[in-house]
Amino acid sequence: MQQDISEHVRTERENHLLARALDATSDPVLLTDAQARIIFANTAFTELNGYSAAEIRGRTPALFKSGMHDEAFYASLRRSLACGRDFRATFINQRRDGSLYHAEQSISPICDEKDGSRITSA
């Protein structure tokens, strides 16, 4: 039995190229799944906060909370994403070493085409 896997190979190559492009950008990029667990962080993101991609994969962005934002700030973030809208703000995040940094971020909800679940991109 034979099966044509040309389309699968093409898709895999395209996905690999896109991952390399995301990693090569100098802008920090973080992707989370529908449960807000980190599934991807590019090199710029890991250099900014001091964690390796392996250390943060599977955790939530709450790892970077500095304590400088109130609950209303995060409630507004959740409302925007739940409605399918981008959320833009200056975040005060905490690096692995405990130091704080300001990051102008745009967080966008992205729906998975296969199952409709949400992925967020920051």
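- Panel note: side chain Ser99, backbone Arg95; no donor-acceptor pair is recorded below 3.5 Å.
- A salt bridge links Arg78 to Glu71: at least one charged side-chain nitrogen sits closer than 4.0 Å to a carboxylate oxygen.
- Using a 4.5 Å heavy-atom threshold, the side chains of Arg96 and Glu55 count as touching.
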Intermediate values then yes/no, side-chain contact (heavy atoms from CB on, under 4.5 Å), Leu31 and Ile38: CA-CA 6 Å; Leu31 299 175; Ile38 297 167; over 6 Å; no
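- Clustering of Ile, Leu, Val, Met, Phe, Trp and Tyr by side-chain heavy atoms under 4.5 Å joins Tyr101 with Leu48.
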Worked verdict on His102 versus Asn93 for side-chain contact (heavy atoms from CB on, under 4.5 Å): CA-CA 6 Å; His102 292 75; Asn93 289 333; over 6 Å; no
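- No side-chain donor-acceptor contact under 3.5 Å links Glu47 to the backbone of Ala44.
- Linking ILVMFWY side-chain heavy atoms closer than 4.5 Å, directly or via other members, places Phe87 and Tyr74 in a single hydrophobic cluster.
- At least one donor-acceptor pair under 3.5 Å links the side chain of Asn42 to the backbone N or O of Val29.
- For Asp70, the side-chain contact (heavy atoms from CB on, under 4.5 Å) partners are Ala72, Phe73, not counting sequence neighbours.
- Note: Arg10 CZ to Asn15 CG = 9.0 Å, rounded to the nearest 0.5 Å.
- To the nearest 0.5 Å, atom OG1 of residue Thr32 and atom CD1 of residue Ile39 are 7.0 Å apart.
- Annotation: Arg88, atom CZ; neighbour count of heavy atoms from other residues, nucleotides and ligands within 6.0 Å does not exceed 12.
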Taking distance alone, no hydrogens or angles, what donor-acceptor pairs closer than 3.5 Å link side-chain atoms of residues 60-67 to residues at least two apart or in another chain?
{"from": "Thr60", "atom 1": "OG1", "to": "Ala62", "atom 2": "N", "distance (Å)": "3.4"}
{"from": "Ser66", "atom 1": "OG", "to": "Met68", "atom 2": "N", "distance (Å)": "3.1"}
{"from": "Ser66", "atom 1": "OG", "to": "Ile92", "atom 2": "O", "distance (Å)": "2.6"}

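- Side-chain contact check for Arg85 versus Leu81: every heavy-atom pair is 4.5 Å or farther apart.
- Across all their heavy atoms, Phe91 and Ile107 have their closest contact at CZ-CD1, 3.6 Å.
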Test log, rule side-chain contact (heavy atoms from CB on, under 4.5 Å), inputs Ile56 and Phe45: CA-CA 11 Å; Ile56 63 175; Phe45 188 89; 4.0 Å; yes
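- Here the closest non-hydrogen pair linking Ala41 and Leu30 is CB-CD1, 3.9 Å.
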